[in-house]
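Below is one structure; the comments refer to it alone.
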Number of protein chains: 2
Amino acid sequence: MGLAKTEMFTDQQNQISVFAKAFGHPARVAILQHLFKIDACFCGDLVKEIGLAQPTISQHLKELKYLGLIKGTVEGTSVCYCIDTENWTEMKDIMTEFLGQDLLPKDECC
Amino acid sequence: MGLAKTEMFTDQQNQISVFAKAFGHPARVAILQHLFKIDACFCGDLVKEIGLAQPTISQHLKELKYLGLIKGTVEGTSVCYCIDTENWTEMKDIMTEFLGQDLLPKDECC
DNA sequence: AATATTAATCGTAATATTGCAATGAATTAA
DNA sequence: TTAATTCATTGCAATATTACGATTAATATT
């Protein structure tokens, strides 16, 4: 069906998967890393930096913005993008908890 | 095209996106959480626990196994699945580094 | 006003993902 | 041997994702 049956899962499980999906494309990983490095950035800069077409970058930015991981402010004809640190921290906590599940000592069960 | 242009990105960026994609479906999140909780588990248990059809669970298990996050051992007619702790830790380090990028103090740039 | 710049949106093609019924393979139980 | 159990695989339908050319919208510059 191509459609996840989200109603079968907990809010936490769905939330983890939604954030993870945001990182599920190398272009979005690259965008986020660049925003961390540069601290503020225009769409055109990312087009040059990454090498994908402008509509493609714009689409990836839209997704990241929709999830709240970045925010964009209009500056003349440009839009300045940067990390939304508050939401990033919140997301990080959720993901870190998932990744840090205790590994039981007798893990070599099979 | 529906196809990521992986050659434009670093190995690290691609690696992050591949792991993230594994967590990009709530069923796989649920499977991993259950394996952490139960420590060892048969496919049939997960079918009951999660509620998706057996072929669907089997497919998700296959992906997680392909990435090395879990391993499965045949036990009679069953297959016992569990977390591959070594690879999990390796993945965790990669993801944690990405998530933990330093947030510069003057973050409210826009 | 006319033009340039920047980025979003639309439309579309190609590919990937999700889900399951049906089937198959391997082992165990009777 | 036959039947039952467990899981993988196949094949298919529905939907999602990725990418980009063309266009549009908004502002800035001349």
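Note on naming: letters A, B, ... go to the chains in the order of the sequence lines (proteins, then strands), and numbering restarts at 1 for each one.
With rounding to whole Å, Leu46(A) atom CG is found 14 Å from dA19(D) atom P. The distance between atom CG of Leu52(B) and atom P of dA8(D), rounded to the nearest whole Å, is 15 Å. Glu49(A) places its CD atom 15 Å from the P atom of dA7(C), with the value rounded to the nearest Å. Taking atom CG of Leu64(A) as the reference point, atom P of dT17(D) lies 13 Å away to the nearest angstrom. Taking atom CZ of residue Phe42(A) and atom P of nucleotide dT27(D), one finds them 16 Å apart after rounding to whole Å. Rounded to an integer number of Å, the gap from Arg28(B) CZ to dA16(C) P is 15 Å. In this structure, CD of Glu75(B) is placed 11 Å from P of dT28(C), rounded to the nearest angstrom. Residue Ile50(A) contributes atom CD1, which lies 11 Å from atom P of dA19(D) at whole-angstrom precision.
Using a 4.5 Å cut-off on side-chain heavy atoms (C-beta onward), Glu97(A) and Asp93(A) make no contact. Within the 4.5 Å cutoff, no side-chain heavy atoms of Ile38(A) are placed close to those of Asp45(A). By the 4.5 Å heavy-atom criterion applied to side chains, Val74(B) and Val79(B) are counted as neighbours. Thr73(B) is not listed as a side-chain neighbour of Lys71(B), based on a closest heavy-atom distance of 4.5 Å or more. For the pair Phe9(A) and Val29(B), the minimum side-chain heavy-atom distance is 4.5 Å or more. Taking the side chain as every heavy atom from C-beta outward, Tyr81(A) and Lys65(A) approach each other to under 4.5 Å. Between Thr56(B) and Ile50(B), the closest side-chain pair of non-hydrogen atoms is not below 4.5 Å.
Of the residues in residues 53-63 of chain A, those with a non-hydrogen atom less than 4.0 angstrom from any atom of DNA chain C are Gln54(A), Pro55(A), Ser58(A), Lys62(A). For the segment residues 12-27 of chain A, no residue has any heavy atom less than 4.0 angstrom from an atom of DNA chain C.
Between the side chains of Gln13(A) and Thr10(A), a donor-acceptor pair is found at a separation under 3.5 Å.
Mapping Thr6(A) and Lys65(A) onto DNA chain C by nearest heavy atom places Lys65(A) at the nucleotide closer to the 5' end.
Closest to the side chain of Ala4(B), out of dT5(D), dC7(D), dA19(D), is dA19(D).
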Audit row: Cys80(A), Phe42(A), side-chain contact (heavy atoms from CB on, under 4.5 Å) steps and yes/no:
CA-CA 5 Å; Cys80(A) 175; Phe42(A) 299 107; 3.9 Å; yes
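Nucleotide dT30(D) forms a Watson-Crick or G-U wobble pair with dA1(C), both donor-acceptor distances falling under 3.5 Å.
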